[in-house]
Amino acid sequence: MSDSAPETRRFDPGEVEPRWQEAWDTADVFHIEDDAEDPSYVLAMFPYPSGEMHMGHVRNYAITDAYAWYRRMQGDAVLHPMGWDSFGLPAENAANERDVDPREWTMDCIDRMKSQMELMGLGFDWDREVTTCEPEYFQWNQWLFLQCYEAGLVERQAAELNWCPDCETVLADENVNPHPDHANGICWRCDSPIDKRDLDQWFFTTTEYADELYDTLDEMDGWPENVREMQRNWIGKQEGASVGFDLTTGDSVDIFTTRLDTVYGATFFALSPGHEVAAEIAAENDAVAEYIERADREGEDLPQTSGVFTGEYAENPATGEQIPVYVADYVLEDIGTGALYAVPAHDDRDHAFAQTHDIDIRQVVEPAPEADREPGGIDTEEAAYTEDGLLVNSGEYDGLASAEARERFVADLDGEFRTAHSLRDWCISRQRYWGTPIPFVDCPDCGYVPVPDEELPVELPEFVQTTGNPLDAAEEWKQVTCPDCGGPAERETDTMDTFVDSSWYFLRFVSPDLPDAPFDTGRANNWMPVDQYVGGIEHATMHLIYSRFFTKVLDDIDLLDHREPFRNLLTQGMVRKGGEAMSSSTGNVVSPRPFVDSYGADTGRLFMLNAAQPEKDFDWTDEGAQSAHDFLQNVYGLAATYAEGEIDTGDGGVVDEYVAHETSAAAATATEQFEQFRFNHALQEVRDLVALLRRYADHTDPRPETFERGLETVTKLLAPVAPHTAEEVWHRLGNDDLIATAEWPSVDTPEGYDTARLLVENTREDVRDIIDVAGIEEPEQIEIGVAPDWKYYARRRARELDGNVVGQLMGDDRLRSRGEDAADYAKELAAAGHIDEQLRPEREGEVLRRASWLLEREFGADVTVYGPDEAPANLAAKATPGRPGIRIEE
RNA sequence: GCGAGGGUAGCCAAGCCAGGAAAAGGCGGCGGACUCAAGAUCCGCUCCCGUAGGGGUCCAUGCGUUCAAAUCGCAUCCCUCGCACCA
């Protein structure tokens, strides 16, 4: 990387980066003390340690690290931890495929991945590293699980599991392979077709929190709308009512509906094939039994309108009518109550069913007057009318609006308002080895008994290769005595879903080594919630709902004083290549390690943050990476050249003030952008400032103080994104401390800066236009004249006036004395409609004078700037506030 | 079907919430400076017309509100994502 040409100074990231990583390590700059007060908690979703970091990881951590650096330089204490979501399937697969122990394999992967993170120079507080597969961590999964059990938030419920009849074992979903002839799949070991069996499993009763999980989303404005919407869909809140129907079987069947207003239109009743009353009827009715069996068979898709009449009737509680009862496959067992009354006139599916089975269609709602359809314009024989409206054919309820009718019917039919959710309780039982053992003992006499706290953790037995769950095969481990009665009993052999591990890890970071509790409650109350969470959209529902659930539970069992874990959430976009997702299976990848070897970690980080806003997908391009690399070398080169005294210094003249202003403005703008995670915009400011400093040195002998402040500002603004390079540059500039501990530049935007910048830009453009349009070859002299004072005065007055602007302005003595000129300008102002605020005349002169060097430099001409009332008459005549007069001579 | 987010110059992309300049920035393309040359760096141009800063057209499409619309409202078309036999 070193270049022999003395004027092109370059640095070698391969040498520089490890050096600064060591320096950070020695100075412990990323460590946060336990007694820190309310630090900024910046968190990246912790990874599954696959052993190989990919660019998606790099992007994730580049974002959190940049923000953590920024906050730290702003003077905040920052918690930026990292850990390993290290239980899970791949370790077990690896163990089965190549005869290794899941634990060793996992630990090896963690080592490899950690060294890659270190290679990237990511500023994590490694003293707080957390590894979920260690007993020191997962014992708290067990403990928290038992706390939840105590609090009544854990239940055993039936769930459908995969059963291999040959291996006589339960299989996890991942161990069932799909097969064309067997809808349930086949066993991964013995290829036998799999059966489904209902077995009791462990559940967290997440449904008890469904309402809160749903309702709070509205207030979570630090989260992206799409994630909140996904959670709303996932929770699936439905406001409705339930009413009981009496059947001729003697059963009373509960239905759930959101459209109780249509109850008069019910012309049949339908049960799902899985409904218990359907099963009862089937016991004595072969046709029903056969239909249920067909519906139950996997792989057989019954038509939407299929169903069978049971011979039974249900009494409509509103009308007292007897309506026929069907078993129909379109009624789903797990939606509502699995039973419904059907209103063909006002529901599409009911309508289709009624047509097929020749059932009456009875309209009971017509479009309301405000609807865009006439009451007579609908024909419910043709199609269901599914909107709300006004009731008809509903006896005494006729004329009521749908919403009102629903309330009346709930009251009159002895029903109840009910909120249904599609969110299910969380089944955490997994028939796998590599997870947290569920701390229960199954006693033939006492049933399931929790393992006492003092016997935690329940550790994993040694791994063995087996057809089913290795824990089941660990006979010695399995046999225990019952904690209650002392008799022989067996351990629970299921392990927990790994989402349990990740539902509270952000709390363990607060006190990672605490021996007697999952986390330090006092500190967690102070440090939580996570201020900024960054990760992939794939976790929008499961992980992010489970974490929210856990946080609420922890509050309710008095372990925490927060109800939401993550104040701000950012879901980062994908890194693509050639328009497609990077994927190792297609070889469409850029691997971090070889990239770092040739360009350095900073180049990768800079490129990623520069290419797009964090939440957007972007394409990895070699040109983009190269341009990021060039920029870092450019910054280094400029600083090194200056540091070695090869840039002559002086007083900078009029340019100096310009550069000083631009430096302050760049710092202010970049800071605003960092606050909003707009790294690409912040970096634009840095690039502009570097270019300006180069121009400064090129045009004149810069004043050292200003030039150095410029360079230091560049370095500081760059530090969060390219920290190694920033340290190296900082050091070359003669600083002995680390930039990691340096202070963020102060941000006082010069007053009226935007207006001034615009004035300069516009004026330069005007000059270019004139030279271009007038075909001037070699401009010798450029004169710029600020408008006379009275025009500013007129303009200021005009801003405040309404009505007859010209008249009022010309009524002013000061302006009337200017005669025709003033009248013309007044007319112009009156026509303008809107009048911008402009700088005061003296300021305008100053600003232009300060920027005149840019024109001198660009055109090689002498530039003269006249202040207000200094300009020759013909120049001043053309000038207006914000638009100086320009004259160019060849 | 329901919901969310989008459609901006050759391409990528800002601006839209808080209406006020043909619309930032990057890439690509074109021209110039420096250089033996390359690279790096610097200065421009890149909707149309224009020999003094002018004019025209323009932000998916069409209406509308306003002195003024990429920005606000309504309608239409298209894209992406999530959910969906949800009673």
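Only heavy atoms go into these numbers, but all of them, side chains included; no hydrogens, no water, no symmetry mates. Note on naming: letters A, B, ... go to the chains in the order of the sequence lines (proteins, then strands), and numbering restarts at 1 for each one.
Of the nucleotides present, none pairs with rU51(B) by Watson-Crick or G-U wobble criteria with both distances under 3.5 Å. In this structure rA33(B) sits in a base pair with rU41(B), meeting the Watson-Crick or G-U test at under 3.5 Å. Remark: rC83(B) base-pairs with rG1(B). Criterion, Watson-Crick or G-U wobble with two distances under 3.5 Å. Shown here, rG19(B) forms no base pair; nothing in the strands shown gives a Watson-Crick or G-U wobble contact with both key distances under 3.5 Å. Nucleotide rU76(B) forms a Watson-Crick or G-U wobble pair with rA60(B), both donor-acceptor distances falling under 3.5 Å. Checking rU71(B) for Watson-Crick or G-U wobble geometry (two distances, each under 3.5 Å) identifies no partner in any strand. Partner assigned to rC11(B) is rG26(B), using Watson-Crick or G-U wobble distances below 3.5 angstrom.
One C1' atom belongs to rU71(B), the other to rG7(B), and the distance between them is 15 Å to the nearest Å. For the C1' atoms, the distance from rA24(B) to rC72(B) is 23 Å, rounded to whole Å. Rounded to a whole angstrom, the distance from the P atom of rG6(B) to that of rC58(B) is 25 Å. Across the C1' atoms, rA23(B) and rA52(B) are found 25 Å apart, a figure rounded to whole Å. Spacing of P atoms, rA9(B) relative to rC59(B), comes out at 10 Å, to the nearest Å. Going from the P atom of rA22(B) to that of rG55(B) covers 11 Å, rounded to whole Å. The separation of rC12(B) from rU76(B), taken at their P atoms, amounts to 27 Å, rounded to a whole angstrom. Comparing the C1' positions of rU8(B) and rC16(B) gives a spacing of 11 Å, expressed to the nearest Å.
Heavy atoms of Ile888(A) sit under 4.0 angstrom from at least one base atom. Heavy atoms of Pro779(A) sit nowhere under 4.0 angstrom from any nucleic acid atom. Using a 4.0 Å heavy-atom criterion, one finds that Arg768(A) contacts the sugar-phosphate atoms exclusively. Contacts of Arg228(A) with the nucleic acid, taken as non-hydrogen atoms under 4.0 Å apart, are absent. Residue Ala270(A) is classed as having no contact, given no heavy-atom separation below 4.0 Å to the nucleic acid. Nucleic acid contact class of Val767(A) (heavy atoms, under 4.0 Å, all strands): none. Using a 4.0 Å heavy-atom cutoff across all strands shown, Arg687(A) reaches no nucleic acid atom at all. Across all strands shown, Gln613(A) has heavy atoms under 4.0 Å from sugar-phosphate atoms exclusively, and none from any base. Contact annotation for Arg418(A): no contact, since no heavy-atom pair falls under 4.0 Å across all strands. In this structure, Asp334(A) reaches neither bases nor backbone, as no heavy-atom distance under 4.0 Å exists between it and the strands shown.
With a 6.0 Å radius and a threshold of 12 heavy atoms from other residues, nucleotides or ligands, Glu675(A) has its CD atom above the threshold.
Not a single donor-acceptor contact under 3.5 angstrom links the side-chain atoms of Glu858(A) to the base of rC43(B). Checked by distance alone, Asp766(A) brings a side-chain donor or acceptor within 3.5 Å of a matching partner on the base of rG53(B).
Distance Leu692(A) CG to rU41(B) C1': 15 Å, rounded to the nearest Å. Distance CG (Asp348(A)) to C1' (rA84(B)): 14 Å, rounded to an integer number of Å. One atom, CD of Glu765(A), and another, C1' of rC43(B), lie 14 Å apart when rounded to the nearest Å. Per the geometry, CD belonging to Glu780(A) stands 18 Å off C1' belonging to rA52(B), to the nearest Å. In this structure, the NZ atom of Lys878(A) is 12 Å from the P atom of rG54(B), given to the nearest Å. Rounded to whole Å, the distance from CZ on Arg694(A) to P on rC43(B) is 11 Å. The distance from atom CG of Asp772(A) to atom C1' of rU51(B) is 10 Å, rounded to the nearest whole Å. Distance, Tyr753(A) OH to rA24(B) C1': 13 Å, rounded to whole Å.
Along RNA chain B, the nucleotide closest to Thr257(A) and the one closest to Asn680(A) are compared, and the more 5′ of them pairs with Asn680(A). Take the nearest nucleotide of RNA chain B for Glu889(A) and for Ile335(A): the residue whose nucleotide is more 5' is Glu889(A).
Of the candidate nucleotides rA52(B), rG15(B), rA4(B), rA4(B) has the atom nearest to the side chain of Glu229(A). Between rG25(B), rA52(B), rA87(B), one nucleotide has an atom nearer to the side chain of Val773(A) than all others, and that is rA52(B). For Arg678(A), whose side chain is taken as the heavy atoms from C-beta onward, the closest listed nucleotide among rC85(B), rA14(B), rA4(B) is rA14(B). Checked against rA87(B), rA40(B), rA52(B), the side chain of Ile770(A) finds its nearest nucleotide in rA52(B). Checking rC43(B), rA52(B), rG44(B) against the side-chain heavy atoms of Ala774(A) singles out rA52(B) as nearest. Side-chain proximity of Arg695(A) to rC42(B), rA87(B), rG5(B): nearest is rC42(B). Out of rG53(B), rC83(B), rC43(B), the shortest distance to the side chain of Asn233(A) is found at rC83(B). Set against rG53(B), rG25(B), rA87(B), the side chain of Phe256(A) has rA87(B) as its closest nucleotide.
Residue Gln633(A) places none of its side-chain N or O atoms closer than 4.0 Å to OP1 or OP2 of rA40(B). Here Arg757(A) does not reach the OP1 or OP2 of rA24(B): none of its side-chain N or O atoms lies under 4.0 Å away. Taking side-chain N and O atoms only, Lys616(A) has a distance below 4.0 Å to OP1 or OP2 of rA14(B).
Salt-bridge annotation for Arg59(A) and Asp617(A): absent, with no side-chain N of the basic residue lying under 4.0 Å from a carboxylate O of the acidic one.
Listed for the Thr880(A) side chain is no donor-acceptor partner under 3.5 Å among the backbone atoms of Ala787(A). Judged by distance alone, with hydrogens and angles left aside, the side-chain atoms of His346(A) form no donor-acceptor pair with the main-chain N or O of Asp261(A) at under 3.5 Å. At distances below 3.5 Å, not a single donor-acceptor pair connects side-chain atoms of Asp388(A) with backbone N or O atoms of Ser402(A).
Side-chain contact between Glu889(A) and Arg887(A): present, with at least one pair of heavy atoms (C-beta onward) separated by less than 4.5 Å. Two residues are said to be in side-chain contact when any heavy atoms from C-beta on lie closer than 4.5 Å; Leu544(A) and Leu569(A) meet this criterion. Contact annotation: the side chain of Phe679(A) never approaches that of Gln613(A) to less than 4.5 Å [non-hydrogen atoms, C-beta and beyond]. A heavy-atom distance below 4.5 Å is found between the side chains of Thr763(A) and Pro884(A).
Between His357(A) and the choices Tyr330(A), Tyr326(A), Phe268(A), the ring pair (Phe, Tyr, Trp, His ring centres under 6.0 Å) rule is met once, by Tyr326(A).
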